[in-house]
Colleague: 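My questions will all concern the structure given below.
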Amino acid sequence: MSIIFDENKIFTVCEISGIIKEMLEGVLANVRIEGEISNLKTAASGHIYFDLKDEDALISAVLFRGNARGVKLKEGDKVCVKGDISCYIKAGRYQIIVRSVEVKTVGDLYARFEALKAKLAEEGLFDAGNKLPLPKFPSVIGVITSPTGAAIRDILSVLSRRAKQVQVILAPSLVQGEGAKENIVQALKNLNKITTKPDVILLGRGGGSIEDLWCFNEEEVVRAVVKSKIPVISCVGHETDFTLTDFAASLRAPTPSAAAELVVQNTQDMLKHLESLKKLLSVSLDSKYTNLQTRLKAIMKNKIFKEPSLICLPKEQELDYLREKLFLNFTDLTDKKEHRLELLNNALLNLSPQSVLKRGYAVVRRVSDGQIVKNSVPGEHLKVQTEIADFEVKTL
């Protein structure tokens, strides 16, 4: 089918897209297509968007809310859809408007994804205990991605806007196709052993089909992420894309830009916060100073500052009173102690041997050993002590 146009006519983009739309809708209506679902997304409106692909080609598809009721689709499903080929004019792309879907089987890649995910999860590679904590204020950030892709441009753009002081070390790597998994594993090893090690590593790329992102599902890559001594943020694809590195990494970011947003504090926001704290501190100090100054003025008006002796004189008077009281108490105590001492002395004198002798008693001792004698035996030589005189006797 061919259409002849006036060669001199200039069409708008919208006009050409409209003609294409009419041609497609007029020719390819109510067609059936078999393929594998990729980039599956459900909008807030309830419409379902996905790509339908085989080994060689891809076509966009939309399943509107009215036809989506009761339909459950998964990434990687092999399906047969029935619908009309149309053109979405605003995006300039052709698509199939799906009327019905028949799920055949789970796609081969998706089945491999689920099987490997289950295996690695059973080994504990996705456990929270394996995830390293992220630095709060990183000064060096490592990035593993394609040096020519949109991901590195997005990351650098965000970092230059939010934290210009941060140093970025790019470990260039293939992120799709043959050799990509080996590149990624080596890049992780390199960043872990360089002298100036990064505080955190961003690993990712832009969105794509499950085939495009498959290197991030490779077992070697997942194990390298877990083995890294530096925390890794996985930022592969778009918000709805999930890979096995997302489960193994310390954190999963929906996009490379989001990873850059998450990994650094916004310098401007931090400066604003510090300025706010500075103002609060200044207001607090001013208030404290004003209160203290008011108190000082009130204290300075006190009559004590005009007549300081008012503080000392009452204390001196109290000291005199205490001194006098102490002297009286001490004198009284001394008199009592002296009287007590005199009584004890008299009692002691009354009990002395001399006092006993004065009362007519005598002390008898043996001359041989000087011991006091209570009972004597005949023939002992004794010495008798009295108040008047001492003399010796011999018992009969």
Side-chain angles (χ1 to χ4, degrees), residues 33-42 48-61 63 71-81 101-128 130-131 144-146 149 151 173-189 201 203-228 232-256:
I33 305 176
E34 189 173 85
E36 185 174 314
I37 289 180
S38 179
N39 293 326
L40 179 67
K41 301 175 182 69
T42 301
I48 300 175
Y49 300 90
F50 57 93
D51 292 332
L52 197 62
K53 60 184 180 61
D54 56 24
E55 294 180 359
D56 301 312
L58 174 148
I59 183 173
S60 297
L63 180 63
V71 176
K72 294 182 180 180
L73 301 176
K74 298 191 301 295
E75 189 82 15
D77 279 350
K78 282 187 176 179
V79 297
C80 180
V81 303
V101 182
E102 179 185 355
V103 179
K104 297 287 188 180
T105 60
V106 175
D108 294 337
L109 281 179
Y110 190 76
R112 285 174 57 194
F113 174 90
E114 288 296 333
L116 184 56
K117 179 183 175 184
K119 172 190 171 185
L120 298 179
E122 187 176 354
E123 288 186 34
L125 269 63
F126 303 149
D127 292 352
N130 291 326
K131 301 180 187 298
I144 301 176
T145 192
S146 168
S173 172
L174 293 173
V175 288
Q176 178 178 341
E178 186 177 352
K181 70 176 180 181
E182 291 83 3
N183 274 195
I184 295 171
V185 170
Q186 189 59 51
L188 281 166
K189 290 180 180 178
I201 297 172
L203 169 63
R205 54 155 286 167
S209 66
I210 190 170
E211 291 89 352
D212 295 338
L213 308 181
W214 190 253
C215 59
F216 298 95
N217 294 320
E218 295 284 2
E219 184 172 352
E220 296 92 327
V221 174
V222 175
R223 293 188 183 279
V225 169
V226 175
K227 191 176 180 181
S228 173
V232 176
I233 296 180
S234 178
C235 48
V236 181
H238 298 306
E239 197 163 339
T240 56
D241 294 325
F242 276 88
T243 63
L244 295 182
T245 57
D246 294 335
F247 299 103
S250 294
L251 181 70
R252 184 250 179 187
T255 64

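Residue numbers run from 1 in the order of the sequence given.
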Colleague: So which atom in Thr245 and which in Ser234 form the shortest heavy-atom distance, rounded to 0.1 Å?
Modeller: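 Reported closest heavy-atom pair: OG1-OG, 3.0 Å.
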
Colleague: Are Arg205 and Val236 packed together at the side-chain level, in the sense that at least one heavy-atom pair is separated by less than 4.5 angstrom?
Modeller: yes

Colleague: Quick one: list whatever passes salt bridge (charged side-chain N to carboxylate O under 4.0 Å, His left out) with Lys117, sequence neighbours left out.
Modeller: none

Colleague: What is the distance from atom SG of Cys235 to atom CG of Leu203, rounded to the nearest 0.5 Å?
Modeller: 6.5 Å

Colleague: Not counting sequence neighbours, which residues clear side chain to side chain donor-acceptor pair (under 3.5 Å) with Ser228? List them please.
Modeller: Asn192

Colleague: For Asp127, what residues pass the side chain to side chain contact (heavy atoms under 4.5 Å, CB included) criterion, not counting sequence neighbours?
Modeller: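 Testing Asp127 for side chain to side chain contact (heavy atoms under 4.5 Å, CB included), a comparison that skips the adjacent residues, returns Asn130.
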
Colleague: For Asn39, does its backbone N or O pair with a side-chain atom of Glu75 as donor and acceptor, under 3.5 Å?
Modeller: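 Side chain of Glu75 to backbone of Asn39, a donor-acceptor pair under 3.5 Å: yes, one is there.
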
Colleague: Would you give the length of the straight line joining atom CD1 of Ile144 to atom CD of Gln186, rounded to the nearest 0.5 angstrom?
Modeller: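 Rounded to the nearest 0.5 Å, the CD1-CD separation comes out at 10.0 Å.
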
Colleague: State which residues pass side chain to side chain contact (heavy atoms under 4.5 Å, CB included) with Ala248; sequence neighbours excluded, sorted by chain then number.
Modeller: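 For Ala248 the side chain to side chain contact (heavy atoms under 4.5 Å, CB included) partners, ignoring immediate neighbours, are Phe126, Val222, Val225, Val226.
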
Colleague: Quick one: closest heavy-atom pair of Leu213 and Gly206, and the distance?
Modeller: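 Residues Leu213 and Gly206, closest heavy atoms: CD2-O, 3.7 Å.
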
Colleague: To the nearest 0.5 Å, what is the distance between CD1 on Ile59 and NZ on Lys53?
Modeller: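 Going from the CD1 atom of Ile59 to the NZ atom of Lys53 covers 14.0 Å.
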
Colleague: Please find the pair of heavy atoms, one from Phe50 and one from Ile48, that lie closest to each other, and give the distance.
Modeller: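 Heavy atoms of Phe50 and Ile48 come nearest at CD2-CG2, 4.0 Å.
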
Colleague: What distance separates Lys78 NZ from Asp54 CG, expressed to the nearest 0.5 Å?
Modeller: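 Answer rounded to 0.5 Å: 10.5 Å.
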
Colleague: Please give me the minimum heavy-atom distance between Gln176 and Asp212, naming the atom from each residue.
Modeller: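 Heavy atoms only, the tightest pair is NE2-OD1, 3.0 Å.
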
Colleague: Output, in order, the C-alpha distance, side-chain angles, deciding distance and verdict of side-chain hydrogen bond (donor to acceptor under 3.5 Å, both in side chains) for Asp51 and Ser38.
Modeller: CA-CA 5 Å; Asp51 292 332; Ser38 179; 5.1 Å; no

Colleague: What closest approach, in Å, do Pro256 and Gly237 show between heavy atoms, and which atom pair accounts for it?
Modeller: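 Heavy-atom minimum between the residues: CD-O, 4.0 Å.
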
Colleague: With sequence neighbours left out, what residues match Thr145 under side chain to side chain donor-acceptor pair (under 3.5 Å)?
Modeller: none

Colleague: Could you tell me which non-hydrogen atom of Val103 sits nearest to which non-hydrogen atom of Leu73, and how far apart they are?
Modeller: CG2-CD2, 4.0 Å

Colleague: At what distance, to the nearest 0.5 angstrom, does SG of Cys215 lie from CD of Glu182?
Modeller: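 Nearest 0.5 Å value for the SG-CD distance: 10.0 Å.
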
Colleague: With sequence neighbours left out, write down each residue that passes side chain to side chain contact (heavy atoms under 4.5 Å, CB included) with Ser250, or none if nothing qualifies.
Modeller: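 With neighbours one apart ignored, the set is Lys131, Leu132, Leu134, Pro231.
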
Colleague: Who are the salt bridge (charged side-chain N to carboxylate O under 4.0 Å, His left out) partners of Glu102, not counting sequence neighbours?
Modeller: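 Listed in chain order: Lys104.
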
Colleague: Atom CG in Leu52, atom CD1 in Ile37: separation rounded to 0.5 Å?
Modeller: 7.0 Å

Colleague: Holding to ring pair (Phe, Tyr, Trp, His ring centres under 6.0 Å), I want the full list of residues that pass it with Phe113, two or more places apart in sequence or in another chain.
Modeller: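 Not a single residue meets the ring pair (Phe, Tyr, Trp, His ring centres under 6.0 Å) criterion with Phe113.
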
Colleague: State whether the side chain of Asn217 and the backbone N or O of Thr243 hold a donor-acceptor pair below 3.5 Å, judged by distance alone.
Modeller: no

Colleague: Run the side chain to side chain donor-acceptor pair (under 3.5 Å) test against Glu219 and tell me which residues pass, sequence neighbours left out.
Modeller: Lys119, Arg223

Colleague: Looking at residues at least two apart in the chain, or sitting in another chain, which of them share a side chain to side chain donor-acceptor pair (under 3.5 Å) with Lys181?
Modeller: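 Applying side chain to side chain donor-acceptor pair (under 3.5 Å) to Lys181 gives Glu220.
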
Colleague: Check whether any side-chain heavy atom of Phe216 sits under 4.5 Å from a side-chain heavy atom of Val175, and report yes or no.
Modeller: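 Of all side-chain heavy-atom pairs linking Val175 with Phe216, at least one is under 4.5 Å.
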
